[in-house]
A.B. asks: 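Handing you a structure now.
Chain A is the first sequence line, chain B the second, and so forth, proteins listed ahead of strands; every chain is numbered from 1.
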2 protein chains.
Amino acid sequence: MEKRQERDLSPLKQSARSPDMVIKKETMGKQEPSERVYLDISNAIFEQRLKPGTKLGEQMLCEIFGVNRPVIRRALMRLSYETLVDIRPNRGAFVASPSPEDARQIFEARRAVEEWIARQCVACAGPSDIEHLHAHVAMEAEARRSGDRLHVIRLSGAFHLELANITKNSRMRRFLEELVAQTSLIISLYGKNDESLCDDDHARIVEAIAQKDSESAVKRICAHLDSCLSSLSFAEENDSTDLRSIFMDQHHHNTLSS
Amino acid sequence: MEKRQERDLSPLKQSARSPDMVIKKETMGKQEPSERVYLDISNAIFEQRLKPGTKLGEQMLCEIFGVNRPVIRRALMRLSYETLVDIRPNRGAFVASPSPEDARQIFEARRAVEEWIARQCVACAGPSDIEHLHAHVAMEAEARRSGDRLHVIRLSGAFHLELANITKNSRMRRFLEELVAQTSLIISLYGKNDESLCDDDHARIVEAIAQKDSESAVKRICAHLDSCLSSLSFAEENDSTDLRSIFMDQHHHNTLSS
DNA sequence: AACCGTTTTTTTGTTAACAATCTTTGAGAG
DNA sequence: CTCTCAAAGATTGTTAACAAAAAAACGGTT
């Protein structure tokens, strides 16, 4: 996990929490301050408002959130256990920058987990679950039509968590939450284009679930993840090669001009 | 997660860390104190030396580990995120006591994860991996023969993590680590007998992996987990029924004698 | 202008003290 | 003897201050 890129924290200054959609499924009542900070930062990462490498300075966060330093440290600590934040001793906390190998592992884990989730959904989704999924997909389509990128991202990731909810296994859901948030970082870092790829994947997954077609559901969710993965470009991996070749070229020109 | 049972922390006073076997796969070099405390407590839970409901008082832990309170609090905080410890505001931290529903979810999650791990192992385990697994199974047998219960528990849980290592997916491994530790709590709470059940399950799983028989590997690991689950008794759930029936009986006797 | 060394400032890490809450103990009444 | 209440003690939660490390700024030299 590398890539130190200085970016500002202004995305945190706007309240990130839309009332109708909260990704992190923690209690929404009276919260510990550190919990709130944790959730807000986590959501900001999830929604790609906080980019990989962003420095999360404690004092700055204290001002943004209006809390004391220990509260911030607690939230950052927790985010670091979930590998969303990288705390470097004596240097500060930074939004994590997953390596290509991290990305591979995360997608692999997602695939394993979501395969199981798809099967479970087929086995135990009831009519109200299906209805709920249809409504979600409709919301995605609407957000896409209206060009609300942030909302699309939010709903798109949340779709997978809605599937996980149906399984009623909170541990699997929580694990997927982490993986989904980490996926956001990966897309921030390595995404080539915007997602014009997955337009109706979700709808087709829901259809397979509604028809109790386990095989199709699994196939579609895996295809969806594969398509997402293949839309990434780990060209950053070649940067050193590029710099080297550029340097060699420059050196070559120098010798020619002298 | 309930069940407040006061038990002592003396198991933490002995150094839990056997040099040849460390369950938690964090770096073994220079560690942050809170990391060490976290690992030691985590391992103590894993090895069933710390029982569910045990109160983990901050001051007591400070004395045991020879560190300051903030260090302890950090470790406890982390353990609570992994649901191994239950922090109740103003009351203190307690080793978690999973409910029967928790147990169901944990085993379900384990099954999903370990199914995938088994498949991966079949697909990518090399000769040295197989050899390593054989050695591990031999160590288990030896520990069982010598009656070293603690060692048996340690090795038995570690077997699953060794399988996870072969997949080279650190996120899946880490998730399984948590599930395995949580399983220890469940067995502590709901285990009927000692495990005379799973004597050669591991060996048979290794055999299936060695023979590249994916179907058998999956079947055997699932059977292993099922057998483990069925060895549990959620009789605690029936306590109220027992008390009621006892009370009714007593009442019946009272009416007869009068 | 670039580089290096020193000083200052900023930020992170740690500790101690105080505040708040809960539990235990002891005294008094019935 | 039992129960209730108040006080004391213990524990958890929070805050402020100090220590340590890194980054930035400044001044001098080449």
Side-chain angles (χ1 to χ4, degrees), chain A residues 1-10 12-13 26-27 29-38 41 50 53-81 84-97 250 254, chain B residues 1-10 12-13 26-27 29-38 41 50 53-81 84-97:
Chain A
M1 293 213 176
E2 306 217 338
K3 304 210 184 292
R4 295 292 145 250
Q5 298 170 20
E6 297 290 342
R7 300 186 188 175
D8 73 325
L9 301 182
S10 43
L12 276 182
K13 285 173 186 170
E26 310 271 10
T27 170
K30 179 185 273 283
Q31 283 171 331
E32 240 196 45
S34 73
E35 194 87 16
R36 180 170 69 89
V37 174
Y38 160 78
I41 296 177
L50 267 189
T54 305
K55 174 156 183 173
L56 304 171
E58 294 181 359
Q59 194 53 48
M60 177 73 78
L61 292 176
C62 286
E63 287 164 22
I64 290 173
F65 288 103
V67 295
N68 284 341
R69 239 192 351 124
V71 174
I72 296 295
R73 293 173 63 76
R74 204 171 295 139
L76 290 178
M77 199 72 68
R78 183 170 177 189
L79 287 161
S80 79
Y81 298 142
L84 294 180
V85 163
D86 185 23
I87 296 186
R88 303 204 73 187
N90 291 313
R91 288 159 181 274
F94 301 82
V95 177
S97 301
Q250 196 173 21
N254 281 352
Chain B
M1 292 210 173
E2 306 218 336
K3 308 217 177 291
R4 293 296 144 250
Q5 299 169 20
E6 296 292 342
R7 301 185 189 177
D8 75 322
L9 301 181
S10 43
L12 277 181
K13 285 173 185 170
E26 310 270 10
T27 172
K30 179 185 274 284
Q31 285 171 327
E32 240 196 43
S34 72
E35 194 87 18
R36 181 170 70 89
V37 173
Y38 159 78
I41 296 179
L50 267 187
T54 305
K55 174 154 185 175
L56 304 172
E58 294 179 1
Q59 194 53 48
M60 177 73 80
L61 292 176
C62 288
E63 286 163 23
I64 291 172
F65 288 102
V67 295
N68 284 341
R69 224 173 28 106
V71 174
I72 296 294
R73 292 172 64 76
R74 202 172 295 143
L76 290 178
M77 199 72 69
R78 183 171 177 187
L79 287 162
S80 79
Y81 298 142
L84 294 180
V85 163
D86 184 26
I87 297 186
R88 304 204 72 189
N90 291 315
R91 289 158 180 274
F94 302 82
V95 177
S97 301

A.B. asks: Checking R78(B) against Y81(A): charged group under 6.0 Å from the ring centre and within 45 degrees of the axis?
C.D. replies: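 Yes, R78(B) and Y81(A) form such a contact.
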A.B. asks: Assign each of P70(A) and G92(B) to its nearest nucleotide of DNA chain D by heavy atoms, then name whichever residue's nucleotide is nearer the 5' end.
C.D. replies: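 The residue whose closest nucleotide sits nearer the 5' end is G92(B).
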A.B. asks: Can you check whether R73(B) has a side-chain N or O nearer than 4.0 Å to OP1 or OP2 of dT12(D)?
C.D. replies: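 No, no such contact exists.
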A.B. asks: Determine whether L79(A) and Y38(A) make a side-chain contact, defined as any pair of heavy atoms from C-beta on separated by less than 4.5 Å.
C.D. replies: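 Answer yes - side chains close enough.
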A.B. asks: Whole-Å distance between dA16(D) C1' and I72(A) CD1?
C.D. replies: 17 Å
A.B. asks: With a 4.5 Å limit on heavy-atom distance, are the side chains of R36(A) and F65(A) in contact?
C.D. replies: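 When only atoms from C-beta onward are counted, F65(A) and R36(A) do touch, with a gap below 4.5 Å.
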A.B. asks: Atom CG of L56(B) and atom P of dA10(D): how far apart are they, to the nearest Å?
C.D. replies: 20 Å
A.B. asks: Would you say R69(B) reaches dT11(D)'s phosphate, i.e. side-chain N/O to OP1/OP2 under 4.0 Å?
C.D. replies: no
A.B. asks: Could you give the CG-to-P distance, from N90(A) to dA21(D), as a whole number of Å?
C.D. replies: 7 Å
A.B. asks: Using atom CZ of F94(B) as one end and atom P of dC22(C) as the other, report the distance to the nearest whole Å.
C.D. replies: 12 Å
A.B. asks: Using every non-hydrogen atom in the two residues, find where L76(B) and E58(B) come nearest and quote the distance to one decimal.
C.D. replies: CD1-CG, 4.3 Å
A.B. asks: At under 4.0 Å, does any side-chain N or O of N68(B) touch on OP1 or OP2 of dT15(C)?
C.D. replies: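 Checking N68(B) against dT15(C): at least one side-chain N or O falls below 4.0 Å of OP1 or OP2.
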A.B. asks: Rounded to whole Å, how long is the line connecting atom CE of M77(A) with atom C1' of dT12(C)?
C.D. replies: 11 Å
A.B. asks: Whole angstrom is fine here: how far is it from CZ in R74(A) over to C1' in dT12(C)?
C.D. replies: 17 Å
A.B. asks: Please pick, from dT14(D), dT11(D), dT11(C), the nucleotide with the shortest atom-to-atom distance to any side-chain atom of K55(B).
C.D. replies: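 When the side chain of K55(B) is considered, dT11(D) is the closest of dT14(D), dT11(D), dT11(C).
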A.B. asks: Looking only at side-chain N and O atoms, does R91(A) come under 4.0 Å of OP1 or OP2 in dA23(D)?
C.D. replies: yes
A.B. asks: Can you tell me how far C1' of dT12(D) sits from CG of L76(B), to the nearest Å?
C.D. replies: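 Result: 11 Å.
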A.B. asks: Can you check whether V95(B)'s main-chain N or O pairs, donor with acceptor, with K55(B)'s side chain at less than 3.5 Å?
C.D. replies: no
A.B. asks: Roughly, in whole Å, what's the span from CZ in R88(A) to P in dA21(D)?
C.D. replies: 16 Å
